[in-house]
Structures are given as structure tokens and as C-alpha cells.
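Below you'll find the structure, written out as C-alpha cells, and then a few comments.
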Amino acid sequence: MSVTKILIANRGEIAIRVIRTCREMGIPTVAVYSEADRGALHVRMADEAYCIGPAPARESYLVLEKILDVCRRSGADAVHPGYGFLSENAVAARAFEAAGITFIGPRPESIMSMGSKTAARVVAIAAGCPVVPGIQETMSDEDLLVASQKIGFPVMLKAAMGGGGKGMRLVHKPEEFTSALARARGEALSSFGDDSVYVEKAIVQPRHIEIQIFGDTHGNHVYLHERECSVQRRHQKVIEEAPSPHVTPEMRKAMGEAALKVAKAVDYVGAGTVEFLADAERNFYFLELNTRLQVEHPVTEWITGLDLVKWQILVARGERLPMTQEEIPLNGWAMECRIYAEDPDKNFMPSPGKITFLRTPSGRNVRDDSGVYEGAEVPMFYDPMISKLSTWGPTRMEAIERMRAALGEYQIGGIRHNITFHKALMEHEPFREGALHTGLLDKPFWKKRGQGPDLKFAVACALLHELETEQRRAAQPAGNDDGKPDAWKHWGRFNRI
Amino acid sequence: MSVTKILIANRGEIAIRVIRTCREMGIPTVAVYSEADRGALHVRMADEAYCIGPAPARESYLVLEKILDVCRRSGADAVHPGYGFLSENAVAARAFEAAGITFIGPRPESIMSMGSKTAARVVAIAAGCPVVPGIQETMSDEDLLVASQKIGFPVMLKAAMGGGGKGMRLVHKPEEFTSALARARGEALSSFGDDSVYVEKAIVQPRHIEIQIFGDTHGNHVYLHERECSVQRRHQKVIEEAPSPHVTPEMRKAMGEAALKVAKAVDYVGAGTVEFLADAERNFYFLELNTRLQVEHPVTEWITGLDLVKWQILVARGERLPMTQEEIPLNGWAMECRIYAEDPDKNFMPSPGKITFLRTPSGRNVRDDSGVYEGAEVPMFYDPMISKLSTWGPTRMEAIERMRAALGEYQIGGIRHNITFHKALMEHEPFREGALHTGLLDKPFWKKRGQGPDLKFAVACALLHELETEQRRAAQPAGNDDGKPDAWKHWGRFNRI
Amino acid sequence: MKRNLLLGKESHEVELLHQDGVTTLVWEGESHSIDILELEPNCYSILLGGRSVEVRLDPAKAPDSDTHAYRALLYDGAYEFALVDPRRALLVGAAAAGAGGGILSSPMPGKVVKLLVQPGDSVQEGQTLLVMEAMKMQNELKTTTAGTVTIIHVQVGATVETGTPLITVVAPEP
Amino acid sequence: MKRNLLLGKESHEVELLHQDGVTTLVWEGESHSIDILELEPNCYSILLGGRSVEVRLDPAKAPDSDTHAYRALLYDGAYEFALVDPRRALLVGAAAAGAGGGILSSPMPGKVVKLLVQPGDSVQEGQTLLVMEAMKMQNELKTTTAGTVTIIHVQVGATVETGTPLITVVAPEP
């Protein structure tokens, strides 16, 4: 298939990530943007850019017809969907195929068969991949309770079409089952338009470990080892690492081979991730297959030295996978922190706004995948993730210390963010010991810091700032407060000519 | 030896580099600065900072007594000299030792014995390491001509105490010998205070290849593979890479073992670099042993995954080398470009001044070791190097393409710099093929770019800028031109209260 | 330059002096000679007795124009405090005392997706009054004042900025 | 907004228009509708017929205050040019014509380490008149005018800024 000009149907850091690989490969890129994103970094960095509508995603980034239209106008012959938006939309994948445009992702059939969690369980069971004991069959609520008692409580209720923790509920006792099921169905219906809910046995203090897989159009499949993503808040990943401190070489091989059974069963093409839950005894259970590039793919790139977007493009061109299973490297350890525009001191409330200053960390084995710049607006319409900071070290502890130091260099102003929260996590003993599980952050280890010994330095600067503001006001009554010209204001002035 | 608080007797990017490792290791740092460097990045990043005198280095960074004084005032029990300044000063190394301060570098005896290039040749010959055929003995000018004719022309004249290309002269014919020798002696005397000059056979189209070595206080020595630094301008390195495209595994082993012979002969402790010239037939010849960390050490850190500053600190503490020779990794390929404040369009004239904007590249396997920030002054008193950009890839070509893309992201304003020059080099065919030699840049492959097709975009922005400037002038007569408040001006205003 | 430093409910007097080329910080009665420099807009480098500290100052929204709220980022972590001109401090205190009850205002830009109360409703401290959506997250906004809802300033579907008044709650007479 | 675009010795007329919400660049007689936005100080994003180009503008020193010299950084490389207000262009031309001979001025901040000529010396085009040191490098400064040295403006050891006049050379009467 031809891939000579790539339209990136996404925004933010993942769009920049794809552009960087395209620049290395010498492939021109086409950005699309909503009206809220005219000044976004992906528009600045792409070779071409087209507006696709108003700020809300369902009126712009999610509108397939607009993306197809920009393909036609720009002559792009391939689309990279990133993650989110249209990335796991089988209808979109099919529409691109029909229009003669290469979709850089799996075949629509694979997306489809993995879209329903219950259907995916059936595929995994048939392929011989272990799944969490559970009930994926449709039955009445009463029968479901009986079946759940057979599995044994506690059980987990999950939305069949779900994701991101919505419609999920942990049920400890049979007495709670019926009302919990009703609420789970309600949430599933409002979030995914489908009230199907299934039951799984709840694993105690589970670890979330996933396998990166890759397939090509010639029937070859490999796994690029595991990532552990157990550090979560409200079922959202916060920190990811590779490899996992829990995984032994034997377990890695067993998990990798189990993941490939599922991949082969659906004749998987491109990048995918098989998610597992693992328990303390190193049993592991299939959860789902994510049919896209994951947010956390950089940790895999660190330990393998490979460029997963490049591999996606090579596979989309119909080339064979560049390596066999035995050739995939595994070097050292990598960590990733998701940097969010949110306020950990105020229950992680989102904090959109203008980034008034930005200093990103650098040095040995530090990688910052950012979607913003100093002066950029972080819009209220999209995901609060503004950057992914990742580090590598020969050992897990060196990767952690490097991350701690890099977080110390990272300075973002104008909006609230979770950098200090991540720094505290890097110093949190259970995290450092690798004793991870998905409930690690349920007990609040994080508390708002008091005023430390360096307060006087901060106050001295504020005093100088007050003095300068007074002097500036006296000198030039027309100046604005922070002394910096506001690009948008100037633009406004220009518009008013 | 105790290393609990490190004074960094340096400035610029190398001081930042050392601070980063200290932060990871949890070691407090002490910066020293000249009056020109009060606002420099190393002062901002260190835990403590002390002024050591006026701008010229010989009145500040080179004054041993001032550094010793700051050690006493701050309680620093170790000194990292970086490169340049006091790093290869045996007197300084001895003075720190006498004051009970750990010098993070080799023993003073090793610095001394390698300080004279002719003495170093004698050591290498005795140790059984191949050297360029030449004459290191003192003799009359007439006898030197006779001896040179025996070696065979062309020959190279070099200052015995020299470095950095000063006092070096290529002599093609015996007729030119006497006058060239006189000029070389003159330059050597004025540059190094010593007119000793020695003669070496000139290697045709030589490659500059060096071996990174490490020793500990327990008599262990290892080599961390080679770097190639053949891309030079006026005998100054411009681009470095590791490994070398010229070196085979057999040659690597032979060079590494030859380097270790010299290291063992002087009982070398810490980080050092053995420089060799190599010819097309893969013969190699000892040039010198640099008794310090090299500017280009990041490429070695990329291919080995190690932190050389951390190793220096471990060795200074009296620990054993963390790895044996067989354990030293060699993964992929790394490139480094030295970013200078100079104007390639005006014969590389230095360009000190204020950095009005700065955007550094990021992404997969890109490392920027910078000593500056947006708003920083690049002083006229020191080296023009403002940053070292390095990239890594699984193959040499991938490292080159990554570098090309990263250079495209790098934006520096207010001063002239060599980023576009480096970008052109990444596209230069002989460089891409790895057909390197130290004369590669003698023929000017670089020509000033003409006005390309994107001129109209640049002019449109300048027109908008003109319009805004006019409007701003009309609106606020007291404002300054670029619309940005100047920190130093404000400070001046504050001073005038 | 004298200011009152407000830390939660505490207030301290602080002063920055500049005489004969020396800058002095008066802090809890002690004078410290400091070297302070604005290196970038709102970014300062301070040397005090050998220690080097870099401070990023982020002026924040404050409840009134005479109280200047700051957030400062140091390598060590973040600090939050406010400064008031002592000549204005009395005014500020008086204004704050005069405000009976409270207005729930928007802590961020976002969209109002649910109103949970009506004018006339009695509400308890900590009760959720309204749900806002921003960045794909729904956020419950709670009242810090118990009392009676008097005004609803917004409608469902409205897009609001930081600081937009949303709901007024009047506390009962004491 | 009309300007003369100066490229070496060429001059072209260029214009930026803004009417009814549309910005137009008139370039070599052709009108292009463009979307231009200053995103950061002196950093612009332009969209023109689908193409997206980012421009960093670096205003440079110009020979006179009416000629505005620019250096622009694009992903593609660097461009250098100057703009003159057509109303001022005649004045500029006249001033340039009036200057017989030339003043060698400093292209960078640095220190004068050697003077190679004296007042009264005849010099050839390309001859080195002075050596300056900056950033540990010695730089030879050459005259672009042949003629007679009339004034030496600096002494050995002096520290000079960019643009400081160093040596005046008067060309012989034609």
C-alpha cells in the first residue's frame, strides 16, 4: 500500500510524536485542527494544515467525512489515527480502505472483533489464552447472580463496550449485586450507548501488565515485551514502566506467547497491546486487546531501541516486520510519567488555560513528548494530558532517580499540573520497591505540602515583583500586567484595523 | 575518599552536565562564577554559588586559590574540573590533594606525564603502543631537517605542550621546512610559553579515532569503545560519533588493548581518552592521552547506556569499576553536533550576545546538553560552544536522520549559530557514506543558501511585525522595541531607586 | 516596600529594602542581605549566604484587587501565599467581613452540564450544587457555605471562564 | 502596509492588506490570501493554500534606522532581507550615496588586540586592518574600501560592542 503523505487524524503530543518520525523518514505530513487548535503545536510542525470545524471533538476530530475530505484536498494517501478519536473505529478504517487511503492501523475486522470485551474474551478462550474466570454470555440478572456466586465473590462488573473505567464496579457481597448491576448498566448505557455488562472474578491487588504486539500482512507476529501500568487513579494510568518488576523471563515468554495466540487468532496487523491482570502468584489473565498504539509506547521504545511509529508505517506499506522474535532487544529500564493539566491539591480538578512559561528537562536518557509550548493555550475541550516524560536507566532504580531529577527541572506556569505529585511518587517507598498494584493510589499518600524553609526566597521575589509592577504602572499606564505582549491581543488589534 | 558535596570548577554546558548526575545521585553541588556569569544557567541550577572574580578566565575560573577558598567556605569536599580550565593542571590536582579535597580526575603524576606530547610518545613507545613515526628528541633545527627527511615528507610539526591545533603545521617539502619550523616555534611560544616543537610523519587523509578509557584505584582498567572525531575545522572537532564507521571488531579490540597499555603504564585513574590517527589500511597511531572527560563523551554514554560522570564519582570515592571489560555494552550508533555561537556565513566569526529565543528539540533518543536559556547572555569571554546535541539510533543512518530532524526543530535567535551548517553536513554525501577524514571540511562544501521558495512567508511575517511596531509606537511611546521586558533593564531600574 | 504576607489565616510583615547597592530582605524581624535578579519574565535567581535558589513566580487570581496571590515554583516544590499593601490591608479586611454567605464561582474554564439545586433550596456545607465538564472530565462543585440558594447565575450548557459566579448561597443570620 | 523588500541590490514592492477579516499578501503582483498569527513574540504561524509554515523573526542591526533588516528562521533554513518604507526609501538611497569611503565597524562584541595600520596609511580592499578577540578566537577584520586611513577610533585593549566604529578609510576621489 502506498504511504507517501500522511494525514494525522489527531492532535496534541501524539500528533507531534508521529510528525517526528515522518520527518526522519522524509514523509510529508498533513495536520487537521479544530477552531480551538489553530495555534496548537501540531499545526505549527506539520507541512500542511486544514481546519475541520468547531472545538468539540464530535464536530471536528471525530467527523470521518471531514477527515476524508482533507485527504482528498491535500493528496494524503495514508492516515495515522494516533490513539483515541477514530483510532479504534472499524467504520472509519473501512471508509479509508474504500477511498483508497491506507489506514495505519489493524484491519477493520480486528478492530471489530476486539471492540466488544465479551466477544474478545470468547476469542481469547478459543485461542487458548487464559482469561479471568467470568461470564460473558447474555443472561437474566437473576441467572447472572447465581453464576457469579459460582465464580465466588468479590466480582467485578464491566461494561461490554466500555473502557476508561466507566461502568466498572467492584461487588464484595451477593447482597450488593443487584443494585450494583443496575447502576453499572445505567452508566454503560449513558457512556457507550449499550447496557451490556459482564461479570469477572475480582483479582485481589491485581497488577496491570500488558504485552506490546506487532503483526505484518505476511502473517508474522512478534511481541516487544511487557509494560507494567499498575499505578492508576480512577482506572486511569498515571505511571508506566518497562519491563515490569514483577515479571520473570519465564513469565515474559509465557505472556508474550499467550498474547500472540490472540493476535494470530484475529490475524492481527500493525501495533496492538494485549492487556492482562496478574496476581501475586504470577498467574495472568487476558483483559482485552487494544487495537492501536498506546499512550505508553515510549517505554517500549526505550528498552528495545525501536521506533514503533516507523514500524507501523513499514507494516502499512506492506513490508515484513524488520525483526524476528529472537532479535527484539531488551535493554535496561524505562519509566513514563503522564503530565496532566490538573490540580492534585484540589482533587485533580482539570486546569485548562494559558501556559505562561515552560522549561522542559533534558540530559542523558530523558525524553519529553510534549504537545504544547510556552504561550500555548491548553483548551478545555480535550484530554488534560499535555506531555509524557520518560526516562531510561540501566536499572530500575537509575530510571527512577533520573525521573526524579528530570521532574525537578520541569517547570510549567500559568496552569496547575501534577509534576510535584509525580516527584512525590518517585520518592514513595512502595513504588520504589516495585510493590505495585492497581489500588496503590487509593489510599492518599499525597498530601499538600506545607510551607517549607525556602518560603522566604519565594516571598522576596514576589516583593520585587510588586515593586516592579508599581513602577511599571507609574511609567506606562497602557502596559499590561505581566509585561509580556499577548500574541492574541495583538492579533485582536490587527483584526480591528 | 569522601565525596559528599561537589564544587564544579567550570561553567556552561559541562557544569550543567555534572549537576544533573549529582542531582540523580543526591549529591549537593557548589557553582563558582565570574562576574560575567551571574545569570548563567549553572549558577541557577547549583545548590550554592559563589563569585570568584572578573570576567576573564585567568582572573576567575583559572585562579586555583579562589577555587580552594570556595571549597573552604562551602564545605565542598570534592572538585569536578569539567574540561578545559583546571582540568589538566597537575599543580591544581596536587593542591586539592594537599588541602584534603578529592580531585575528580586522574592522579597529578598521570596529568604531568601526559602533559608533554613528546614525553607521552616516549611512554607509549615503551608500553608497546604504536605511535606515528616521528622525532620526539630535542635536537638542532638542522639535525631535525635531516631526521625529517629520513621519516619522509610530508611531515607534521606540532608544539610539544600544545593542543587545539595551535603551533601545528603541515610541511610538504624539505625546502619549506626551516621557515615553517620557525613559525611553529613562534606560535608555540606565544600560545603555550614553550617553543618546543616535534616532528611526526604526516598521515594522508587521516581519521581521528579515540578510545574512552577508565581506571580505578584498585588497578583495574577498561575501555568503553571508540569515538570517531574526524569531522574537524581548523583542527577543532565539529561532529563526533560512536562507534566509528571505519572500525571493525578486530580493530576495536586492538585499539582498546593498545590504549589500555598506555593507561596501565601510567597507572591511570578515572576517565581518560587515548587519541589515535588511523589510515585507510586501518593502521592506527597513538597521538596523546587526554587526562579528563571529553566534550564528546555523550556519544559513548549513548552506545553503552552508562553515565561517565557517575563512574568518575564512584572511582573518586575509591570504589571499583562497576563493570569488567566483557560487560561493557555496545548498542547502536550515536552522533553529536557541537552547537556554536558563530556565523558560518561569515567565516565562522564568533557571535556572542543575548539569546532572544530558544526552542530545543526533543523526542526519541535526542539529547541536548545546553548551557543556556532563553534570555541568557552568551559572553564574549569564553568558548563559543553553547550546546551539544546528540542523537542515537539502532543504525548509523537512523542516528543521522534523527539528527537532521532534531536540528530542524532547534531554534535559536538573537545570535548567529551553526545549526543550518550542521543540517547541511547531515545531508552531505561523503559524511553520510562515512568516508571521513580530518580534511573533510577543508574544501568548502558549505555555501550560503540563496533565497528559497519560502521567502514570501518570511516577508509576510516581517510586514506584520512592521505594522505592529508602528502601532505599538503610536500607542505607548515608552515601550521598548521587541515588546519583551529586559530583565537587566528592570534590574537597572531597581538599582536606581 | 512593605507588605503583609498572608499564609492561610496568618499575617506577617515583610519588607524588601535597597540601599547603597545592597538589597535586604527583612523576614520575621531579621535582615538578610540578598542578591536577587530577574533573569526571565517572572523568573528570579536569588543568592543568600551562598545558597542559590531559582524561583518561578506565577501570579494567581486573588479574591480582590488589593490582595495579590502568588504561586512560586522552586526546585524544592511549590509555595502559595498572598501579599497585601499594609495601607490597603484594613480595606481588604473590611470588605471580607462584609460578605455574608458566599458565591460559588467557577474554579476553571468549562461547561455547566448539571444544576442540582434551585433558588430557595437549603444546602449543607460540602453539598454538590453543580456539575461542570472540562477536559473530558465531570467535576462536582460543592458549596463551602451552608444556607439558602438565592441566585443561579448560569444555565445548563453555558461555557464559563475561571472566576465566573455560578450560584449564590446566603448563610442564615447568626 | 507597503514596503520595499531589499534583497542584496534588488528591490521589490510588497504589501500586506487586511480587509473584511481577510489578510492578503501582495507578492510580485499576485495576491495570496493568508492566515497569519503571532503565536509567541516574533514567532508566526502562516497557512497559505494548505501549506503550514512557522517563521521565527529575528530583527537584525541595519545600516540606518529607516532600513529594517530581518533574519527569518524556517524549518527549511534561514532567510535574510530588509524592508524600507517607500516614503523613506529616497532618503535612504540619498544617505547611502553621500557616504564616500567607509567606516570599518565591529561585527561583534570583543576586544581589540592588534592595530595593523596608522592614520595616513594607504590600504587595499581586503587588507586586514585590525585583529579582535572574542570567545577565545582571534578574528582579522578587513576593509571593503581601498583608500587612505584617516581615523583610528579605538585603542588596543579596548572592549567594543557590535557596531562600534573602529577605523575610517576614505576612498580616493574618483
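In what follows, chains carry the letters A, B, and so on, assigned in the order in which the sequence lines appear, proteins first and then strands, with residues in each chain numbered from 1. These numbers were taken from a predicted model, which means no experiment stands behind them.
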Check this for me: C:Lys2, atom NZ, are more than 12 non-hydrogen atoms of other residues, nucleotides or ligands nearer than 6.0 Å?
no
Decide whether a cation-pi geometry holds between B:Arg44 and C:Tyr44; the criteria are a distance under 6.0 Å from NZ or CZ to the six-membered ring centre and an angle within 45° of the ring axis.
no
Interatomic distance, OG@C:Ser52 vs NE2@B:His42, rounded to 0.5 Å, equals 9.5 Å
If you count every heavy atom of other residues, nucleotides or ligands that lies below 6.0 Å from B:Arg72 atom CZ, does the total exceed 12?
yes
Check the surroundings of atom NZ in B:Lys66: do more than 12 heavy atoms from other residues, nucleotides or ligands lie under 6.0 Å from it?
yes
Over 12 non-hydrogen atoms of neighbours within 6.0 angstrom of CD in C:Gln124:
no
C:Glu15, CD atom: more than 12 neighbouring heavy atoms under 6.0 Å
yes
Note, C:Tyr75 side chain near B:Met45 side chain (heavy atom, < 4.5 Å):
no
A side-chain contact here means heavy atoms from C-beta on lying under 4.5 Å apart; do C:Leu39 and B:Tyr373 qualify?
yes
Structural part of B:Ala49 lying under 4.5 Å from a heavy atom of chain C:
both
Heavy atoms of other groups near C:Glu161 CD, more than 12 under 6.0 Å:
no
Scanning both residues in full, the closest heavy-atom pair of C:Asp35 with B:Arg38 reads OD2-NE, 2.8 Å
C:Leu48 portion near chain B, given a 4.5 angstrom heavy-atom threshold
neither
Nearest 0.5 Å, what's the CD-CZ distance between B:Glu48 and C:Arg51?
8.0 Å
